Amino acid sequence: MTGELAQPATLIDGKAFAARLRGRIAQEVARIKADHGVTPGLAVVLVGEDPASSVYVRSKGRATVEVGMNSYEHRLPAETSQAELLALIARLNADAAVNGILVQLPLPAHLDETAVINAIAPEKDVDGFTVLNAGRLATGQRAMVPCTPLGCLMLLRDRLGSLSGKDALVIGRSNIVGKPMAQLMLADSATVTVAHSRTTDLPALCRRADIVVAAVGRPRFVQGDWIKPGAVVIDVGINRTEAGLVGDVDFESVRKVAGAITPVPGGVGPMTIACLLANTLTATARVNGLAEPQGLTP
């Protein structure tokens, strides 16, 4: 068992950080409107009536308008065909008013998610999910970076300053969070291990890590006696339980040992939408040949 620190972990307030980030984005949007007559535009595509997805789309649309961007919502029936969806994406790719395209996942089962995502023009892929952007990130080239890992990186840099030489563990190997999170920390010179459901002796790996990013989708999975005293713990999980929303980390036991931890809710979640706006602003700057705002990309 690891020893407990005298003080509980510092809470990493993602909600407050995201609010500051959105404020900076709003200032940049106002500046490029005034100086260049350009208004960033984000198009969000929702297929079907999934309740959680509908909530996310409304939140994204509201946040987009609040920072002064144009919001374009495309709500399609669940029975929309692959050809119809790809035709819409092609129109959005060709629309100069649209700088970012986001297709809300998951899609209905009859649609090919991979083909749909890869139909998005890479320069408008503000989710960073296309194979081209994933490859660019993996090889250290300029890419659009997935929003949740980008938000996690911002929180880690804010807390630690430098990640250089830190021992980092990512629990989860998804294309949306785990893999790009590992690439981002590698690029910041951390030593990164990616763990998953078949990892042997996961607690032992956790106990040596200075940074733990939990993105495994299992409620309260990471336990306090797995954590190295003083480690920074980023909890990406959002799990609905009878007790309410909980993360992938057993918050009460982990906060007694960790140096800093993100709560659920109020940690990583608000950063995801803020970074979507950041990516849309970055995409707008790039396509118009403008200087990229500082601090919004890795």
Side-chain angles (χ1 to χ4, degrees), residues 18 22 25-26 28-29 32-33 37-134 143-148 150-151 174-177 238 269-288 296:
R22 292 195 308 272
I25 292 167
E28 287 292 332
V29 170
I32 67 169
K33 279 184 183 179
V38 173
T39 301
L42 174 63
V44 178
V45 179
L46 174 64
V47 184
E49 298 293 336
D50 179 78
S53 292
S54 294
V55 170
Y56 292 147
V57 167
R58 279 197 300 273
S59 297
K60 289 167 182 173
R62 187 166 56 246
T64 303
V65 172
E66 285 174 355
V67 297
M69 296 182 183
N70 290 329
S71 175
Y72 308 103
E73 286 189 13
H74 297 267
R75 293 175 177 261
L76 306 178
E79 61 271 17
T80 297
S81 71
Q82 181 90 359
E84 289 169 327
L85 181 52
L86 292 177
L88 171 60
I89 292 172
R91 291 196 298 273
L92 295 175
N93 284 341
D95 188 344
V98 174
N99 302 107
I101 302 170
L102 180 151
V103 176
Q104 184 66 45
L105 303 178
L107 291 172
H110 69 282
L111 297 174
D112 183 342
E113 207 165 88
T114 300
V116 169
I117 294 302
N118 283 317
I120 297 171
E123 66 274 13
K124 298 188 179 189
D125 170 30
V126 287
D127 257 340
F129 291 168
T130 62
V131 68
L132 187 55
N133 277 316
M144 298 304 299
V145 178
C147 304
T148 298
L150 178 58
S174 73
N175 293 331
I176 293 173
V177 180
I238 300 178
M271 293 297 296
T272 298
I273 290 181
C275 287
L276 172 65
L277 302 175
N279 278 352
T280 303
L281 181 57
T282 296
T284 304
R286 288 176 179 175
V287 78
N288 286 283
L296 301 187

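None of these values were measured; they are calculated from a predicted model. All values below were derived from every heavy atom in this structure, side-chain atoms included, with hydrogens, water molecules and symmetry-related copies excluded.
- The shortest heavy-atom contact between Val126 and Leu42 is CG2-CD1, 3.8 Å.
- Pairing each heavy atom of Thr280 with each of Gly41, the nearest pair is CG2-O, 4.0 Å.
- Pairs engaging residues 104-129 under the salt bridge (charged side-chain N to carboxylate O under 4.0 Å, His left out) rule: none recorded [sequence neighbours left out].
- Atom NE2 of His110 and atom OG of Ser81 lie 7.0 Å apart (nearest 0.5 Å).
- Between Ala143 and Asn133 the shortest heavy-atom distance is CB-O, 3.6 Å.
- Taking CD1 of Ile101 as the reference point, atom CG of Leu92 lies at 5.0 Å (rounded to 0.5 Å).
- Within the 4.5 Å cutoff, side-chain heavy atoms of Leu281 are placed close to those of Pro40.
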side-chain contact (heavy atoms from CB on, under 4.5 Å), that's the test. Do Phe129 and Ile176 meet it? Break it down for me.
CA-CA 7 Å; Phe129 291 168; Ile176 293 173; 3.7 Å; yes
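- Across Pro146 and Gly128, no two heavy atoms sit closer than the pair CG-O, 3.5 Å.
- Atom CZ in Arg286 sits 8.0 Å away from atom CG in Asn279 (nearest 0.5 Å).
- Interatomic distance, Thr130 OG1 to Met144 CE, rounded to the nearest 0.5 Å: 9.5 Å.
- Considering CG of Leu276 and CE of Met271, their distance stands at 12.5 Å, rounded to 0.5 Å.
- Taking all atoms of both residues into account, the shortest heavy-atom contact from Leu86 to Val116 is CD2-CA, 4.1 Å.
- Distance CG/Leu111 to OG1/Thr80: 7.5 Å, rounded to 0.5 Å.
- Residue pairs meeting the side chain to side chain donor-acceptor pair (under 3.5 Å) criterion with at least one member in residues 46-57, sequence neighbours excluded: Asp50-Ser53.
- Pairs passing the side chain to side chain donor-acceptor pair (under 3.5 Å) check and including a residue from residues 86-107, sequence neighbours excluded, read Lys60-Gln104, Asn99-Thr284.
- Contact record, Ser71 with Gly61: OG-CA, 3.6 Å, taken as the closest heavy-atom pair.
- Just one residue in the list Ile117, Asn118, Val103 forms a side-chain contact (heavy atoms from CB on, under 4.5 Å) with Ile89, and that residue is Val103.
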